[in-house]
Number of protein chains: 2
Amino acid sequence: MPSARPGPNLSRIATSLGVSVATVSNALSGKGRVSESLAEKIREHASELGYVPSQAGRALRTGRSGVLGLVLPDIANPLFPKLAQAIEFAATTAGYGVLIADSRGDVAAQTEAINRLIERGVEGMVIVPRRATRISAASCPVAVIDTASTPGNTVAADHWQGGRDIATHLAELGHKRILIIGNNPESNVQNDRAGGIRSGLTGDMQSTTLWIERLERDQGNGCSLGLAEKVREGYTAFAALSDLQALRALTELQRDGIVVPDMASVTGFDDLIWSPVITPALTTAAMDMRLIAEIAIESLVRTIQATGPREGVLVTAETDRVPMQLIVRQSSGPAAPAHLTYKTENS
Amino acid sequence: MPSARPGPNLSRIATSLGVSVATVSNALSGKGRVSESLAEKIREHASELGYVPSQAGRALRTGRSGVLGLVLPDIANPLFPKLAQAIEFAATTAGYGVLIADSRGDVAAQTEAINRLIERGVEGMVIVPRRATRISAASCPVAVIDTASTPGNTVAADHWQGGRDIATHLAELGHKRILIIGNNPESNVQNDRAGGIRSGLTGDMQSTTLWIERLERDQGNGCSLGLAEKVREGYTAFAALSDLQALRALTELQRDGIVVPDMASVTGFDDLIWSPVITPALTTAAMDMRLIAEIAIESLVRTIQATGPREGVLVTAETDRVPMQLIVRQSSGPAAPAHLTYKTENS
DNA sequence: CTGAAAGCGCTTACAG
DNA sequence: CTGAAAGCGCTTACAG
C-alpha cells in the first residue's frame with residue numbers, strides 16, 4: 001500500500017462537494033470551462049481544506065517537474081550569493097523551483113552534479129562552468145553563464161567593457177602606470193577583464209600584469225605581492241580582476257604604509273558584499289546579476305517550452321552580453337586633476 | 001495525451017527483455033527476489049538504454065519526493081556559500097536533492113518561501129531563521145540552524161564558547177581593553193558571541209561594545225567607527241562579532257595609520273573566504289559547517305523516516321552544539337609577552 | 001457546463 | 001524466482 005499523503009487531494013474535494021475531479025481540476029487551474037459560481041465554490045472549499053496540489057501527480061501527468069538546476073563551479077565562490085539569489089528570484093518568478101548542485105573540484109564532479117540533477121528530473125539547468133571548461137550538452141536544455149568569449153555561452157556580463165571602464169576611470173584620475181592583478185591566467189573571465197583594461201589605456205599609460213597563482217607557486221601561499229615596492233617603482237594604480245584580489249592588494253598596501261587613495265588607487269570587479277564597507281571603499285565594476293539571471297532563466301524557459309524538457313540543447317539568448325556598471329567609490333587619486341569631479345556613491 | 005517522456009521507462013526495458021515491469025523494478029532497486037543472473041542482465045540493458053528512473057513516478061507512488069528545502073534569511077549573506085555547500089553535500093550523501101529558497105526581507109517573505117517549498121513537495125527543510133525570528137512549524141519536519149539560545153533550535157555552533165576562546169586568546173596576548181564590534185544588538189548569534197567574549201575576560205580586562213547599526217542610524221551609512229581614537233584611549237584589541245565587521249575595523253585602522261597587529265589586534269568570527277587572504281590575515285573563530293550540516297541533515301532525515309514527510313515537527317538533534325575552532329593568524333599583539341608562542345596557521 | 005475514463009511511471013503486496 | 005494488478009494524484013481529450 002502506497003504511503004498515504006495526509007493532505008486532501010482533488011478526489012477528496014470532489015466527493016465532498018459532489019462534483020467530479022475533472023471539474024475540480026479545471027476550476028482550480030482556471031483553464032476549465034466551469035461556471036464561475038461553481039469554480040468559486042470549489043476554490044473556497046479547496047483553500048478551506050488547505051489543499052496543496054501534488055507536484056508528483058502533476059509532474060507525472062504533464063512530464064514537467066517545474067524545477068530547474070543550478071550548477072556552480074564552486075559554491076564557496078564569493079560571487080555565488082548574489083548569483084544564486086538572482087537565479088532563485090528569476091526562477092521563482094517564472095514558476096520554477098531551483099535545485100542546487102555543487103561541482104566542487106574537478107570536471108568529473110561537475111558531470112556527476114549534472115547527472116544528479118537530471119535524475120531529479122530538472123527541466124533545464126543553468127551552469128556556471130569551471131574555468132575554461134566546456135559543457136558537453138546534458139540531456140536537457142542548458143544555459144551557460146560565463147564570458148562572451150566562451151563558446152556556447154548563453155549570457156554574460158561584458159567583462160571586456162567593464163575593464164575598459166576601469167581603465168578610462170584610471171586615466172581620468174591621471175594614472176600612468178597600472179598594475180593589473182589577477183588570480184588565474186586560465187580564467188576566461190579574468191582574461192576578458194584584463195584585455196578590456198589594456199584596451200582602455202591611453203597612449204601615455206602602461207600596464208603590467210601580476211598573476212597571483214603563479215607568484216604563490218613560486219613563493220608559497222599567502223606570500224607578499226610586493227606592492228609597496230611597485231609603488232616605489234612608480235605604479236600608482238592597482239587594478240585587480242576581482243574584489244577579492246583588490247582587497248588583498250588594499251590591505252597589503254595599507255599595512256606597508258601606502259595611503260589609499262592618496263598615494264595609490266585600488267580598483268576591483270564584482271562589487272562583493274564587503275566592497276562598500278571597507279575603508280576606503282572599493283571602486284569596482286559590477287555585473288547586473290539580476291538582469292543576467294533574468295535573461296538566462298527566460299531563455300532557458302523559452303527553450304524548454306519550444307523543445308520539450310528532455311532534449312539536450314545549448315540555450316541562446318537575444319542579448320548575450322550585459323553591460324557592467326562602474327561604481328566609483330574612490331573618487332580621487334594620486335594625480336587627480338583638481339578640475340575633474342566624479343559622481344561618487346555616497347554623496 | 002500526456003507529453004511523452006523521451007527516455008526509456010521500466011515498461012520499455014521489460015518488453016524489450018521479455019520480462020515484467022515488476023521484475024525490472026525489483027532488479028534495479030536490488031530489493032527484489034530476482035535471480036542474480038537475470039538482475040545482472042536487466043541492469044546491463046538498462047544502463048545500455050540510458051535508463052533514468054522517473055522521480056515523478058516514484059514520488060507519486062511512494063509519497064516521497066527525495067528533496068529537501070534550504071531556506072536562507074538572506075542568500076546574499078557572506079556565510080551562505082559555505083553553508084549551502086555543506087548542506088548540499090550532506091543532503092546528496094543522504095540521497096536527497098536540495099531546493100533553495102531565499103526569504104529575503106521580512107518575515108512574510110520567509111513564510112512565502114516556506115510555502116513554495118511545501119508546494120514543491122519537499123520532505124523536510126533546513127531553515128536559517130531571520131534574526132530573532134521564531135519558526136512556526138510548517139507542515140513538514142523542520143531543522144533550524146541558529147544559536148543554541150534560540151528556542152526550537154536543532155543544531156548550532158557554540159558561539160558562546162567561540163567568544164570565550166577569542167577572549168582567552170586576547171588575554172594571553174596581554175590585551176587589557178577590548179572593543180567588541182557588532183552589527184546588530186538583536187541578533188541571537190551576535191549576542192551569544194559577545195557574551196562569550198565578556199565571560200572569557202580576566203579580572204584586569206574590560207570591554208565595551210559598539211553596535212554599528214546604531215552608530216549608522218545616528219551618523220549615516222559608511223560612517224567612520226572612530227577606532228583610531230579608541231586606540232588613543234587605550235584600546236588595543238578589536239573583537240568583531242563577524243569577519244565582515246573585522247574587515248571594516250581592520251581597514252579603517254590601517255587607513256588611519258594604526259599598524260595591525262603591532263599596535264592593535266583585530267579578531268573576527270566565521271573565517272569567511274577572504275579572511276586568510278588579507279594582510280594581516282584575520283584571527284577568527286570558525287564554525288564547523290560540515291559537521292553542523294551533517295547533524296542537521298541527519299536529524300532531519302531521521303525525523304522524516306520516523307514521522308512521515310508531511311507532519312510538522314521541529315527536529316531535535318543529539319548534539320545540538322558544535323564547538324567553534326579558533327584560528328590564530330595574528331600571533332602577536334601590542335603587548336604580547338615574549339615567552340608565549342602560538343600555533344599559527346601558515347607555519 | 002460537467003463527468004467518465006485513460007494513462008503518465010513507478011512500487012508493492014499478493015498470487016503463482 | 002517471476003508476473004498480473006492495483007493505485008499514488010493529476011490533467012486532458014472526449015462524450016454527453
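Every chain is numbered from 1, with letters handed out A, B, ... down the list of sequences.
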G57(B) or V21(B): which one's nearest nucleotide on DNA chain D is closer to the 5' end? V21(B)

Determine the contact category for S25(B): base if any of its heavy atoms lies under 4.0 Å from a base atom, sugar-phosphate if only primed atoms, P, OP1 or OP2 are that close, otherwise nothing. base

Pick base, sugar-phosphate or nothing for A22(A), based on heavy-atom distances below 4.0 Å to the nucleic acid. base

Atom CD of residue position E318(B) - does it have more than 12 heavy atoms of other residues, nucleotides or ligands inside 6.0 Å? no

Answer yes or no: does a side-chain N or O of [X] lie under 4.0 Å from OP1 or OP2 of [N]?
X	N	value
S11(B)	dC10(C)	no
R58(A)	dG9(D)	no
S54(A)	dC10(D)	no
T23(B)	dG3(D)	yes
T62(A)	dC8(C)	no

Evaluate salt bridge (charged side-chain N to carboxylate O under 4.0 Å, His left out) for E88(A) paired with R116(B), printing each intermediate quantity in order. CA-CA 12 Å; E88(A) 196 263 356; R116(B) 275 203 306 274; 3.2 Å; yes

Which listed nucleotide (dC10(D), dT12(D), dC8(C)) is nearest to the side chain of L60(A)? dC8(C)

From dG7(D), dT2(C), dT11(D), pick the nucleotide closest to the side chain of R61(A)? dT11(D)

Whole-Å distance separating the [atom1] atom of [X] from the [atom2] atom of [N]:
X	N	atom1	atom2	result
L28(B)	dT11(C)	CG	C1'	12 Å
Y51(B)	dG9(C)	OH	P	10 Å
R64(A)	dC10(D)	CZ	P	19 Å
L10(B)	dC8(C)	CG	P	13 Å
Q55(A)	dG9(C)	CD	C1'	16 Å
R12(B)	dG9(C)	CZ	P	8 Å
E36(A)	dT2(C)	CD	P	11 Å
E40(B)	dC1(D)	CD	C1'	17 Å

Of all residues at least two apart in sequence or in a different chain, which pass the side-chain hydrogen bond (donor to acceptor under 3.5 Å, both in side chains) check with [X]?
X	value
R321(A)	none
S11(A)	none
S20(A)	T23(A)
T316(B)	none

Could you tell me whether the side chain of I297(B) reaches within less than 4.5 Å of the side chain of V126(B), counting heavy atoms only? yes

Those residues at least two apart in sequence (or on a different chain) that pass salt bridge (Lys or Arg N to Asp or Glu O under 4.0 Å) with E36(B) are R43(B)

Give me the stems containing DNA chain C, sorted by first residue, counting only three or more consecutive Watson-Crick or G-U pairs with both distances under 3.5 Å; say none if there aren't any. C:1-3 with D:14-16, C:5-12 with D:5-12, C:14-16 with D:1-3

